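Please read these numbers as outputs of a predicted model, since none were measured by experiment. A note on names: the letters A, B, ... follow the listed sequences, proteins ahead of strands, and every chain is numbered from 1.
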Protein chains: 2
Amino acid sequence: MSTLAINPPALGGTRYKEVKSAILAALSAGEWKGGECIPSEKRLAERFGVSIGTLRKAIDELCAENILIRHQGLGTFVSMHQRDRHFFRFFRVVRRDGDKAYPVVTLIDFKKARASREVAAMLGIETGARVFQFVNGLALHGKTVLIEHITVPEAQFPALTEAKLRNRPNTLYNFYQDVFGINVVETDERVSVALANEIESAQLGVEVGAPLLEIRRIAYSYHRSAVELRVSRLNTDEYEYIGARPGRDEEK
Amino acid sequence: MSTLAINPPALGGTRYKEVKSAILAALSAGEWKGGECIPSEKRLAERFGVSIGTLRKAIDELCAENILIRHQGLGTFVSMHQRDRHFFRFFRVVRRDGDKAYPVVTLIDFKKARASREVAAMLGIETGARVFQFVNGLALHGKTVLIEHITVPEAQFPALTEAKLRNRPNTLYNFYQDVFGINVVETDERVSVALANEIESAQLGVEVGAPLLEIRRIAYSYHRSAVELRVSRLNTDEYEYIGARPGRDEEK
DNA sequence: AAGTGGTCTAGACCACTAC
DNA sequence: TAGTGGTCTAGACCACTTA
């Protein structure tokens with residue numbers, strides 16, 4: 001049907017913004033899934049009743065936001081952020097000499113819980129809502145240097161189990177995408193200093209009270225809806241956090 | 001003359017990339033200075049012998065990189081990153097509740113020195129080259145929470161003096177732009193944990209050995225030429241560092 | 001009213017990928 | 001060879017700014 005046809009620059013302001021919203025809506029609705037190819041520019045232009053140039057401008061923005069990926073001669077695909085080199089877009093820890101390595105992840109703990117007021121506020125859910133909480137240890141070059149405390153809402157991750165988590169073949173965000181249809185496209189991170197507790201001390205091989213880098217991350221899906229809360233603690237003896245690159249506009 | 005005219009997709013690959021390079025070259029040459037208006041799109045299109053659409057694509061990318069800023073009805077301007085809201089593109093410290101405040105800067109120390117091997121490597125200059133080193137204390141909400149150790153090459157900052165530094169009206173990067181014609185357009189930052197020394201202890205009001213967040217920044221001008229090295233130490237009792245926002249592509 | 005950038009069109013031709 | 005996205009054109013009209 002043409003319920004998806006676009007009207008004159010009504011609500012969104014401009015045609016290409018309307019087209020962009022329509023594509024985003026189709027993505028949210030699951031019309032095209034992670035890694036799949038969306039229709040050709042020509043077909044989409046016809047579907048939305050705009051010229052190719054306008055359609056391209058909409059897709060340009062979605063590509064700039066890493067929501068879509070173009071491949072010349074192949075088509076335009078729904079981004080799978082977590083594969084290959086894209087991995088380091090979200091994993092921002094490197095050795096002091098700049099060497100980037102893939103971490104070996106170990107699941108340390110897994111449990112069901114209820115969202116505290118703070119957690120609920122950050123995830124945009126109700127206080128007391130059911131959540132899963134799990135803890136990962138990440139090893140780089142054979143040594144555990146990072147502990148992650150992850151919280152996700154049960155509502156968005158139905159039937160998540162420790163076994164599924166342990167047996168996932170890919171990265172965590174890839175797992176979210178494949179199993180739950182959740183696409184992490186953006187994160188906010190705040191960094192500060194914290195002191196190692198007993199558990200971290202044991203896992204990281206540092207003394208209790210040793211200073212660690214604490215990274216608090218909220219991960220978002222398409223319409224900036226929060227899907228995951230993650231508090232990580234990093235031993236910065238040999239590794240560092242890659243900070244900002246204000247190449248693009250970030251605040252407005 | 002038409003030495004600036006563009007040839008068929010020769011070296012750079014595509015027309016708009018050539019145009020982009022030509023504009024970047026004109027900027028480096030100082031043809032248009034910080035804050036100034038560059039010629040209209042129509043005029044530039046004629047000058048480079050391309051259509052408006054192609055010229056716009058070149059400028060689109062330069063705007064995306066925050067090198068130019070468009071103002072509808074007014075013109076396109078050479079970006080002054082450090083003014084107003086743009087300030088927080090480079091100043092990535094906020095109170096834990098998210099409140100953003102402008103820091104009050106105090107010059108604590110200023111001296112001439114020679115570049116060590118490490119500093120020289122990071123700044124892309126020769127070991128032993130003359131540099132200026134100065135130290136700032138930054139206060140937020142009336143309390144000093146950040147100490148910056150800044151190193152700049154004398155070659156690029158001729159006749160920099162303590163007095164000039166102290167009397168600058170604007171932000172530091174604005175000062176670089178106005179006085180030395182140096183445009184900071186990009187930075188790399190690495191974050192780790194460090195322990196307060198005596199000086200930091202006194203300035204920040206923490207104990208010697210208290211854990212601080214250390215941010216090491218290299219600031220770059222147009223062609224990714226390094227212009228400043230800055231090591232900052234932050235007391236994260238009440239403030240945090242704003243980390244990555246992988247909304248855009250950063251590594252390739 | 002004049003000048004600017006912002007949007008949009010309806011094509012053309014090229015480069016790349018797959019078959 | 002057919003289909004895809006990538007580049008480029010030569011305009012039109014709109015929205016905004018300044019005067």
Does [N] have OP1 or OP2 sitting under 4.0 Å from an N or O in the side chain of [X]?
| X | N | result |
| --- | --- | --- |
| A/T76 | D/dG5 | yes |
| A/R15 | C/dG6 | no |
| A/R56 | D/dG5 | no |
| B/K57 | D/dC8 | no |
| B/T54 | D/dC8 | no |

key: A/K42 atom NZ, over 12 foreign heavy atoms within 6.0 Å   =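 No, the 6.0 Å shell around NZ holds no more than 12 heavy atoms from other groups.
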What residues, two or more places apart in sequence or in another chain, satisfy side chain to side chain contact (heavy atoms under 4.5 Å, CB included) together with [X]?
| X | value |
| --- | --- |
| A/E36 | A/W32, A/K33 |
| B/S21 | none |
| B/Q156 | B/P153, B/I182, B/V227 |
| A/R166 | A/L107, A/E162 |

key: B/K57: salt bridge (charged side-chain N to carboxylate O under 4.0 Å, His left out) partners, not counting sequence neighbours   =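 By the salt bridge (charged side-chain N to carboxylate O under 4.0 Å, His left out) rule, B/K57 matches no residue at all.
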inquiry  = Tell me every residue that passes salt bridge (charged side-chain N to carboxylate O under 4.0 Å, His left out) with A/R43, counting only those two or more places apart in sequence or in another chain.
reply    =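 For A/R43 there are no salt bridge (charged side-chain N to carboxylate O under 4.0 Å, His left out) partners, ignoring immediate neighbours.
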From [options], pick the nucleotide closest to the side chain of [X]?
| X | options | answer |
| --- | --- | --- |
| B/R43 | C/dT4, D/dA10, D/dT7 | C/dT4 |
| A/S40 | D/dG5, C/dT7, C/dT4 | D/dG5 |
| A/V50 | D/dT9, C/dT9, C/dT7 | C/dT9 |

Whole-Å distance between [N] [atom2] and [X] [atom1]?
| X | N | atom1 | atom2 | result |
| --- | --- | --- | --- | --- |
| A/I38 | D/dG5 | CD1 | C1' | 11 Å |
| A/L55 | D/dG6 | CG | P | 12 Å |
| A/E41 | C/dG11 | CD | P | 17 Å |
| A/K17 | C/dC8 | NZ | C1' | 15 Å |
| A/K20 | C/dT7 | NZ | P | 12 Å |
| B/L68 | C/dG5 | CG | P | 11 Å |
| A/E18 | C/dT7 | CD | C1' | 13 Å |
| A/K42 | C/dG11 | NZ | C1' | 12 Å |

Which atom of B/I69 lies closest to which atom of B/H71, heavy atoms considered =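 Heavy atoms of B/I69 and B/H71 come nearest at CG2-NE2, 3.6 Å.
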key: Nearest heavy atoms of A/V184 and A/A219, plus distance in Å   =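 Minimum heavy-atom separation between A/V184 and A/A219: CG1-CB, 3.9 Å.
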key: Per-nucleotide protein contact string for nucleotides 14-19 of chain D (B base, S sugar-phosphate only, - none; heavy atom under 4.0 Å)   = -BBS--
key: Which residue lies more 5' along DNA chain C, comparing B/G75 with A/I52 via nearest heavy atoms   =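 Nearer the 5' end of the strand: B/G75.
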ask   = Got a sec, which residues hit ring pair (Phe, Tyr, Trp, His ring centres under 6.0 Å) with B/Y222, two or more places apart in sequence or on another chain?
value =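 B/Y222: no ring pair (Phe, Tyr, Trp, His ring centres under 6.0 Å) contacts found.
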inquiry  = Let me test you: for the helix from C/dA1-D/dT18 to C/dA18-D/dT1, what is the angle between the axes at its two ends (five pairs each), rounded to 10 degrees?
reply    =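 So the angle between the two local helix axes works out to 10°.
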